[in-house]
Amino acid sequence: MTAPEKPTLMVIDGHSLAYRAFFALPVDSFVTNDGQHTNGIHGFISMLVLLLQNEQPTHLAVAFDISRHSFRTREYADYKSTRDVTPPEFKGQVPLLQDALRAMGIPTLTKEDYEADDILATLARKGREEGFNVLLVSGDRDTIQLVNDEVTLLYPSTQGVSQLKRYTPDAVVERYAVRPEQYPDVAALVGEKSDNLPGIPKVGEKTAAKWLAKWGSLQGILDHQDEITGKVGESFREHQQEAVRNRKLNRLVDDIDLPVEPGDLARGPMNTTAIREVFTRLQFRTLQERILALAESNGAETSAPPQAAAPVRAELLDEELERWLETAVAASPEGLALTVRTLEGIVTEVGISGPDEATFLTWIPGRADYAPFESWLASGAPKIMFDAKAQLKALLRAGLAVGGAIVDGQIASWLARPQNPPKRLAEFVQQQLDEALPEGDPNELVPPEDAVSFAASDAWFVRRATLEALARLDPGSRGVFDDIEAPLLTVLARMELDGVAVDRSFLQALIDEQRAKVEGLRTAALEAAGVESVNLGSPKQLQEVLFDRLGMPKTRKTKTGYSTDADALAELERSNPHPFLGALRLYRDTTKLLQIEETLMRAIIVGEAPGSDRIHTTYVQVGSASGRLSSNDPNLQNIPIRSSEGRRVRQAFTHGGEFETLLTADYSQIEMRIMAHLSGDEQLIAAFNAGEDLHRFVGARVFHVDPADVTPEMRSKVKAMSYGLAYGLSAFGLSKQLQIEVAEAKGLMEDYFTRFGKVRDYLRGVVEQATENGYTETIFGRRRPFPDLKSTNRLARENAQRAALNSPIQGSAADIIKRAMIAIDTRVRAAGLSSRMLLQVHDELVFEVAFGETEVLEALVRTEMSGAAELAMPLDVQVGIGPNWDAAAH
DNA sequence: GCGGACGACCC
DNA sequence: GCGGGTCGTCCGCT
């Protein structure tokens, strides 16, 4: 910003910057209720606001390409031809962006047959001639050629669109070692991959710059080409035509006919009504406020830069720390924020933030001057955190007591948008506050006196963003947050820290046995196929064997070929029996088991005492859109159970030496009960209340026979259907699963619904209401949005309908077991029991029972699980006891 | 080294 | 062509 008396003309390449923003921001985080993606628009407007504030242009325009075709594609058909097709999520964002710009009073320019950069070139020349300072904003390197003393280029860095690199002539020389007007020669020599313009092989930026320093221009190099020695010289002489062609194409046209002159682009007033209208449609709340503030200050804005640093105090100790905490707590009944930085699970630093400022403590275990912090930590004051569980575990491992509610912003955000919770704090801060989180560059060396405490800075942002997220929650979700998710977090941390005991030598024996088996199965399969070598783990190679070599009929299509999955192989076995099929199935079963066993073995944390080896899973509280938990590292929610071989893996899960036994407790048919409850179907409710075998009872109604006369075949059909219903099962799906004709499956479903009419009404109603509201809701008020119910894409819409149908059922089941877990944990602790809850597998809980506590624990678990919800029928709980997970099943 | 596709395990 | 997950392997890509 030189010579303030000179007016500043800013010209932006709209398409290239919106496209960059599109890739810089997560596409799924910016979707309106009706399914319109807006990340490119959001990124562009945010950047624009920044530019207006920082650069204060007096004149402004945004240029767009009209299409992919221009005089350049006519000249060279392959120009830009390798570019991927525009992602569908981006399409449609450009017209909306143009609407937004129009509302803001910013002219948009296009020119048939030319690219946006040519418009930039033309306005840059005219602007310069007419005495403007010119600022160009573009993500296309070709615009570097336009830079001169009056024309500066702002170019998005790789870090993101909001970080713009300022190219003055000096900056160009520094970066590329050539003057701006020489840059197109560099590009012509090196080539531009994204434009599908190959350059001269073996010539990179360095070589190009060297030649240009010597001979001044591409023409100069052409004139002196015989002086270039070596392979590079040969390469140049052979490919010089490419460079000449590239140079022709990358020359920007600076004299195209435009309907406006720079002087016409003076910034006019914003249309606040139009802004409200457009930004409301885009659902940009915060951005709208910022734009309106800009409009009000009428171009003379001096607002604070959006990346405000956190107010951080130096480290405080003893009385100072005590006073600081007292003041902060008094000023903040909603709680202080806490961040815990760790190295391999050990606390290294903590940050704390109140409403006015943040501070930090460098953590060295056992220091007395932290006492005020420790007593705040142990107190009942709420702790506001982000992705708290791992941090909480580090504190507990350090032997610290943590009291009060953990208010986790990540969970709050997940409850509002359960499809994609923010993974990183920066994402959360951007989402809630529309601010950039200050982050440290790990490669940057900062002198200690300038070092910022990111623990403190993060805490400052965690607090503000979390309070914002909470304020935005609807009352139902807020209830789920306060009553279910927040108390559960601590329970899960405890379960993860405890882990589950594993019999390592037993597991090793299984591994040894399976390893010995696998080799033999592999050779047997190869022999059966009559091939020398094939990777049985490669679906691609398997397809060659099955369909080419063995000439089997083609199976179900997949994206890349034909299916070789277990169902497809079973189908082949029926139509084309062949020894290879059976051999392959055995090989797959065995290697799968072996793989599971090896994964578990690797996950064992070996204890000091014999029998104290344990596996610690991690539960992801924001891991599913339905409200369920997920488990990983390792996943203990998918341990085999169906086959007898698989159950042997379960036998490896046992109890520690100081415990008496394992106890498992699971809800029987909880989802069916919820469906009965939610639908209010008297028949189904009666079936549960009768307490007899559900599928037999339902089978009797559907097939019009006595319960005693329901055959196993009838029962399994009914069972498949009952479960399938809650998943949006089609007649086709049912026919496939039961190996019956579609017509029969259809008839079966009709009979079912004749008997249990309210179930059908209910399922229909869920989809209808979800379409109307935009979301579904569980019994306890957990919501899940379904924008795709209004999608014009049939497949997307039908997928959404099935998911919507299922989500109140699956989600309510998740709510119920979570409530039970909290209640059990509370009562176990109140009773002073030493037994503990270790695992959760969606409808099942696994406990390690201390000596002599079996009876009391069983009673407690039964009571709390059954009592976790009041449904129209009892929640039946089955309990089993045994020395290992398999034996404890019932 | 990364990520999509596939297949397999669970509720 | 049935909802919700995790994970290992293969394989093509950068």
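Below, chains carry the letters A, B, ... as their sequence lines are ordered, and counting in each starts from 1.
Annotation: cation-pi geometry not satisfied between R522(A) and Y587(A) (NZ/CZ under 6.0 angstrom from ring centroid, within 45° of ring axis).
Checked by atom type, the side-chain pair S631(A)/Q637(A) shows no donor-acceptor distance below 3.5 Å. With 3.5 Å as the limit, one finds no donor-acceptor pair spanning the side chains of S563(A) and T558(A).
Distance Q541(A) CD to dC10(C) P: 9 Å, rounded to the nearest Å. Taking atom CD on Q543(A) and atom C1' on dA5(B), their separation rounds to 11 Å, with Å as the unit. Nucleotide dC10(B) holds its P atom 17 Å from the CD atom of Q840(A), rounded to whole Å. The nearest whole Å value for the distance from the CD1 atom in I596(A) to the C1' atom in dA8(B) is 8 Å. Put simply, CZ on R673(A) is 17 Å from P on dC11(B), counting in whole angstrom units. Between the CZ atom of R794(A) and the C1' atom of dG1(C) there is a distance of 10 Å, given to the nearest Å. Rounded to whole angstrom, the span from the CD atom of Q637(A) across to the C1' atom of dG4(C) amounts to 10 Å. Here the P atom of nucleotide dG4(C) and the CG atom of L629(A) are 16 Å apart, to the nearest Å.
Side-chain N or O atoms of Y667(A) include one that pairs as donor or acceptor with a backbone N or O of M865(A) at under 3.5 Å. Judged by distance alone, the side chain of Q541(A) and the main-chain N or O of N535(A) form a donor-acceptor pair under 3.5 Å.
For P539(A), counting side-chain heavy atoms from C-beta on, the closest listed nucleotide (dG7(B), dC7(C), dC10(B)) is dG7(B). The nucleotide whose nearest atom lies closest to any side-chain atom of P640(A) is, among dC9(B), dG1(C), dC7(C), dC9(B). Here the side chain of D565(A) is nearest to one of dG7(B), dC11(B), dC9(B), namely dG7(B). In this structure, the nucleotide among dC10(B), dT6(C), dA8(B) sitting nearest to the side chain of S630(A) is dT6(C). Among the nucleotides dC10(B), dA8(B), dG3(C), the one closest to any side-chain atom of A566(A) is dA8(B). Considering only side-chain atoms of S538(A), the nucleotide from dG3(C), dG5(C), dC11(C) that sits closest is dC11(C). Checked against dC11(B), dG4(C), dT6(C), the side chain of R650(A) finds its nearest nucleotide in dC11(B). Closest to the side chain of S563(A), from the set dC11(B), dC2(C), dG7(B), is dG7(B). Candidate nucleotides dC9(B), dG4(C), dC11(C) were compared by shortest atom distance to the side chain of A803(A), and dG4(C) ranks first.
Aromatic ring centroids of Y727(A) and Y723(A) lie 6.0 Å or more apart.
The residue A625(A) sits close only to the backbone: its heavy atoms come under 4.0 Å of sugar-phosphate atoms, none of a base. Among the protein residues, K559(A) comes within range of the sugar-phosphate backbone only, with heavy atoms under 4.0 Å from sugar or phosphate atoms but none that close to a base. Residue-level contact check: S807(A) touches neither bases nor backbone, having no heavy atom under 4.0 Å from any strand. Residue R784(A) is in sugar-phosphate contact alone, with no base atom involved, counting any heavy-atom pair closer than 4.0 Å across all strands shown. Using a 4.0 Å heavy-atom cutoff across all strands shown, L734(A) reaches no nucleic acid atom at all. As judged by a 4.0 angstrom heavy-atom cut-off over every strand, A813(A) is placed among residues making no nucleic acid contact. In this structure, Q810(A) reaches the bases: a heavy-atom distance under 4.0 Å links it to at least one base atom across the strands shown.
By the 4.5 Å heavy-atom criterion applied to side chains, E645(A) and Q514(A) are counted as neighbours.
Both distances falling under 3.5 Å, in either a Watson-Crick or a G-U wobble arrangement, place dG8(C) opposite dC6(B).
The phosphate of dG5(C) (OP1 or OP2) has no side-chain N or O of S631(A) nearer than 4.0 angstrom. Distances shown here put a side-chain N or O of S730(A) below 4.0 Å from the OP1 or OP2 atom of dC2(C). An OP1 or OP2 oxygen of dC6(B) is reached within less than 4.0 angstrom by a side-chain nitrogen or oxygen of T558(A). Note on T560(A): a side-chain N or O is less than 4.0 Å away from OP1 or OP2 of dC6(B). For the pair T564(A) and dG7(B), the criterion of a side-chain N or O lying under 4.0 Å from OP1 or OP2 is met. Phosphate proximity of dC10(C) to N535(A): present, with a side-chain N or O under 4.0 Å from OP1 or OP2. At least one side-chain nitrogen or oxygen of K540(A) sits closer than 4.0 Å to the OP1 or OP2 atom of dG12(C).
You'll find a donor-acceptor pair under 3.5 Å spanning the side chain of R628(A) and the base of dG4(C), going by distance alone. Looking at R642(A), its side chain has no donor and acceptor atom pair within 3.5 Å of the base of dC9(B). Side-chain atoms of Q737(A) and base atoms of dC2(C) include a donor and an acceptor less than 3.5 Å apart.
When the P atom is used for both dA5(B) and dG1(C), the distance is 14 Å, rounded to whole Å.
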Exercise answer: donor-acceptor pairs, residues 729-744 of chain A side-chain atoms, under 3.5 Å, sequence neighbours excluded:
unit_1  : atom_1 : unit_2  : atom_2 : d
S730(A) : OG     : G733(A) : N      : 3.0
S735(A) : OG     : F732(A) : O      : 2.7
Q739(A) : NE2    : K736(A) : O      : 3.4
E744(A) : OE2    : K717(A) : NZ     : 3.0

